[in-house]
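I am attaching a structure below and will ask some questions about it afterwards.
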2 protein chains.
Amino acid sequence: MSAAKLLLVEDDPALSELLEFRFENEGYSVRCTKDGDDALVLAAEDTPDLIILDWMIEGTSGIEVCRQLRRAKETAHVPIIMLTAREDEDDRIRGLNTGADDYVTKPFSPRELLARVAAVMRRIRPVLAGEAIEVGDMRLDPVAHKVERAGTPIKLGPTEYRLLQFFMESPGRVFSRNQLLDGVWGTESDIELRTVDVHIRRLRKAIELDGKKDLIRTVRSAGYALEG
Amino acid sequence: MSAAKLLLVEDDPALSELLEFRFENEGYSVRCTKDGDDALVLAAEDTPDLIILDWMIEGTSGIEVCRQLRRAKETAHVPIIMLTAREDEDDRIRGLNTGADDYVTKPFSPRELLARVAAVMRRIRPVLAGEAIEVGDMRLDPVAHKVERAGTPIKLGPTEYRLLQFFMESPGRVFSRNQLLDGVWGTESDIELRTVDVHIRRLRKAIELDGKKDLIRTVRSAGYALEG
DNA sequence: CAAGATTGTTACAATTCGGCGACAATCACC
DNA sequence: GGTGATTGTCGCCGAATTGTAACAATCTTG
């Protein structure tokens, strides 16, 4: 299991050290800085999976860091949890508006922050943490970009791969064609609903192994689901 | 499709966009507006399952929107969560008096609002929150779109599925044929009353397991009910 | 018990919906 | 530029689903 990468931006050395210790203890890979500009550099050179950002930091201000992170393509979708002093209500508002995902008010317990981070990580699709997903006899390795069923390597086109990954992230769950379009093709694509059918068929054909049953369940008038 | 429908009334574009994104990510179907009158129109044309209403909006004020929503038959019972500034205690009181179900004080984290919404959903309609319903030895999982009785998988057509779900949301309660038509087929469908009988018959046949008694009770000259 | 009302059951035609093959357009890679 | 893989769309077909009518069964009431 490759550890999730955290970037901690905090200028109180004591707090920073404490958090670093706690998070590394939990299995995260943590990098720290107390400087805003530094944070941007670190984030750029190795995109973290989550950023913990103190609002009151030296150098570029928290809000500015946040904005710049959102602007850069690589870090645009990296979740940000900000740490604010209780009084800074304005900061909180601006923070949320600027694209922070969540905030934690100082003083907080490390435990609380850990919980928030864990929650965000869970939400941000486990695959991004680099873990392989297994559903039934299917196995998808996002790092190697490889899929196999019952040990047999499966060859998939890009779209089928994303489709399968999307299914495997929520095994058993039924998705409507519209949900699949949103999740696999992206919200802004305008593609025929029925096109989904075709890719479902291609995916089915690709992952079929004789003797093995069809893993994709058709739910008439509702959508499709991957059997869990 | 069984995604819960949200109506978001918020005039800060940044916040609105953030929330829309987060809620859609969670699987809700979201429509947004920043205008009070617009909200009323949207709510009227497709009744949402829950409304998130900013108290300080353009056009008709939040409190007035709330009042009008409560007045209209379709939206009278739709739960409303209002967003208020910390200072406006009066608004909160008036809001709750006017019929809002809950309020969240700005600034808030998206996570907090998500939790509130989920809580209300669970209270109002568990199915929309994705929770399985169990009635007697019947179990319906809305996420997987699966039904089983005493552990045995049950195969249902779309209409029978909706019919069963409708019954299971109010176990023991008797519904007239007209109520069933409204609830299962939709208000605007013009279908023979007696057609309901046929689908009741089909549902009965589908969920019958030998040795098990009929779960659907006929109430002569009144309608049908699912035994609780 | 008879008559009327109400419900159960079945058969059937119409419709809807998903599977599938084909095809042109686009893309990627040499 | 060429070549093969990938992708989005159509249209047809068969199967599942659905609404209705017709008839049988059952209940209610006098």
Side-chain angles (χ1 to χ4, degrees), chain A residues 145-147 153-167 174-208 210 213-227, chain B residues 1-2 145-147 153-167 174-208 210 213-227:
Chain A
H145 218 266
K146 277 182 177 172
V147 178
I154 302 284
K155 183 185 169 298
L156 292 178
T159 307
E160 277 71 50
Y161 179 85
R162 269 178 298 146
L163 183 57
L164 178 62
Q165 171 170 319
F166 187 78
F167 272 125
V174 174
F175 294 99
S176 70
R177 292 185 176 74
N178 272 312
Q179 287 174 313
L180 290 172
L181 280 184
D182 281 2
V184 177
W185 277 262
T187 329
E188 70 284 348
S189 71
D190 53 339
I191 287 182
E192 277 305 310
L193 265 190
R194 290 302 304 281
T195 298
V196 175
D197 296 25
V198 181
H199 285 276
I200 289 285
R201 177 165 57 87
R202 288 170 181 158
L203 177 56
R204 270 185 172 136
K205 178 168 277 183
I207 68 177
E208 88 181 338
D210 49 18
K213 67 165 183 181
D214 189 3
L215 282 182
I216 298 178
R217 179 167 53 104
T218 302
V219 182
R220 193 170 234 258
S221 83
Y224 299 93
L226 184 73
E227 285 300 313
Chain B
M1 170 157 65
S2 69
H145 230 270
K146 276 183 172 173
V147 178
I154 303 285
K155 186 191 166 290
L156 293 178
T159 307
E160 278 72 50
Y161 179 87
R162 269 177 300 152
L163 184 57
L164 178 62
Q165 172 169 319
F166 187 78
F167 272 125
V174 177
F175 293 100
S176 71
R177 291 183 176 74
N178 272 312
Q179 287 174 313
L180 290 172
L181 279 184
D182 281 2
V184 177
W185 278 261
T187 331
E188 69 283 350
S189 72
D190 52 340
I191 286 182
E192 276 306 310
L193 262 190
R194 291 302 309 283
T195 299
V196 175
D197 294 27
V198 179
H199 284 276
I200 289 285
R201 150 78 177 147
R202 285 169 182 157
L203 179 55
R204 271 182 171 139
K205 176 172 270 181
I207 68 177
E208 87 181 338
D210 48 19
K213 66 166 183 181
D214 188 3
L215 282 181
I216 298 176
R217 181 164 50 102
T218 303
V219 182
R220 201 181 169 85
S221 78
Y224 300 93
L226 185 73
E227 288 297 314

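In what follows, every chain begins at residue 1, and chains take the letters A, B, ... in the order their sequences are listed. Given the structure is predicted, the values throughout are model-derived calculations rather than measurements.
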So if I take every side-chain heavy atom of Arg201(A) and compare against dA22(C), dT20(D), dT6(D), which nucleotide ends up nearest?
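The listed nucleotide nearest to Arg201(A)'s side chain is dA22(C).
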
Are Leu156(B) and Arg202(B) close enough that some pair of their side-chain heavy atoms sits under 4.5 Å apart?
no

Of the nucleotides dT7(D), dA11(C), dA5(C), which one has an atom closest to the side chain of Arg220(B)?
dA5(C)

For atom CG of Leu193(A) and atom P of dG8(D), their distance in whole Å:
13 Å

Rounded at 0.5 Å granularity, tell me how far CG in Leu164(B) sits from NE2 in His199(B).
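It is 14.0 Å, given to the nearest 0.5 Å.
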
From CD1 of Ile200(A) over to P of dC17(C), roughly how many Å is that when rounded to an integer?
17 Å

Does dT7(D) have OP1 or OP2 under 4.0 Å away from a side-chain N or O of Trp185(A)?
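No, because none of the side-chain N or O atoms of Trp185(A) sits under 4.0 Å from OP1 or OP2 of dT7(D).
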
salt_bridge(Glu227(A), Lys146(B)) N-O dist < 4.0 Å:
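Salt bridge between Glu227(A) and Lys146(B), a charged N being under 4.0 Å from a carboxylate O: yes.
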
Steps toward side chain to side chain contact (heavy atoms under 4.5 Å, CB included) verdict (Ile200(B), Leu163(B)):
CA-CA 8 Å; Ile200(B) 289 285; Leu163(B) 184 57; 4.1 Å; yes

Treating Arg162(B) as the side-chain partner and Val184(B) as the backbone partner, does any N or O pair qualify as donor plus acceptor under 3.5 Å?
yes

Of the nucleotides dT18(D), dT20(D), dG19(C), which has the atom closest to the His199(B) side chain?
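Side chain of His199(B) sits closest to dT18(D).
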
When all nucleic acid strands are considered with a 4.0 Å heavy-atom cut-off, which category describes Tyr224(B): base, sugar-phosphate, or nothing?
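If one applies the 4.0 Å heavy-atom cut-off, Tyr224(B) turns out to touch the sugar-phosphate alone, with no base involved.
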
Distance, rounded to the nearest Å, where Phe175(B) contributes CZ and dT7(C) contributes P
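About 17 Å, once rounded to whole Å.
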
Tell me: CG of Asp214(B) to P of dT7(C), nearest whole Å?
15 Å

Short side-chain donor-acceptor distance under 3.5 Å, Arg204(B) and Thr218(B)
yes

With axes from five pairs an end, tell me the bend angle of the helix from dC1(C)-dG30(D) to dC30(C)-dG1(D), nearest 10°.
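That helix gives 40° between its end axes.
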
For Arg204(B), which contact category applies under a 4.0 Å heavy-atom criterion: base, sugar-phosphate, or nothing?
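Since only primed, P, OP1 and OP2 atoms lie under 4.0 Å of Arg204(B), the category is sugar-phosphate.
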
What is the distance, rounded to the nearest whole Å, between atom CG of Asn178(B) and atom P of dT6(C)?
14 Å

Whole angstroms only, please: what is the CD1-P distance between Ile191(A) and dG8(D)?
4 Å

Leu226(B) side chain reached by Phe166(B) side chain, heavy atoms, under 4.5 Å
no

Taking the nucleotide of DNA chain C with the nearest heavy atom to each, does Arg202(A) or Arg194(B) sit closer to the 5' end?
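On the 5' side of the pair lies Arg194(B).
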
Let me know the distance between CD1 of Ile216(B) and P of dT9(C), rounded to the nearest Å.
11 Å

Remember a base hit wins even if backbone is also touched, and classify Thr218(B) as base, sugar-phosphate or nothing at under 4.0 Å, heavy atoms.
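If one applies the 4.0 Å heavy-atom cut-off, Thr218(B) turns out to touch the sugar-phosphate alone, with no base involved.
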
Selection from dT20(D), dC10(D), dA5(D) that lies nearest to any side-chain heavy atom of Lys155(A)
dA5(D)

Phosphate oxygens OP1/OP2 of dT9(D): is one of them under 4.0 Å from a side-chain N or O of Thr195(A)?
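So the side-chain polar atoms of Thr195(A) do come within 4.0 Å of the phosphate oxygens OP1 or OP2 of dT9(D), strictly under.
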
Nearest to side-chain heavy atoms of Asp197(B), which nucleotide of dG18(C), dT7(C), dA11(C):
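For the Asp197(B) side chain, the nearest candidate turns out to be dT7(C).
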
Between C1' of dT16(C) and CZ of Arg162(B), the distance in whole Å:
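Going from CZ in Arg162(B) over to C1' in dT16(C) covers 12 Å.
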
Side chains of Arg177(A) and Asp197(A), heavy atoms from C-beta outward: is any pair under 4.5 Å?
yes

Of all the choices, dG19(D), dG19(C), dG8(D), which nucleotide is nearest to the side chain of Thr159(A) once you look at every atom?
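In terms of side-chain proximity for Thr159(A), the closest of dG19(D), dG19(C), dG8(D) is dG8(D).
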
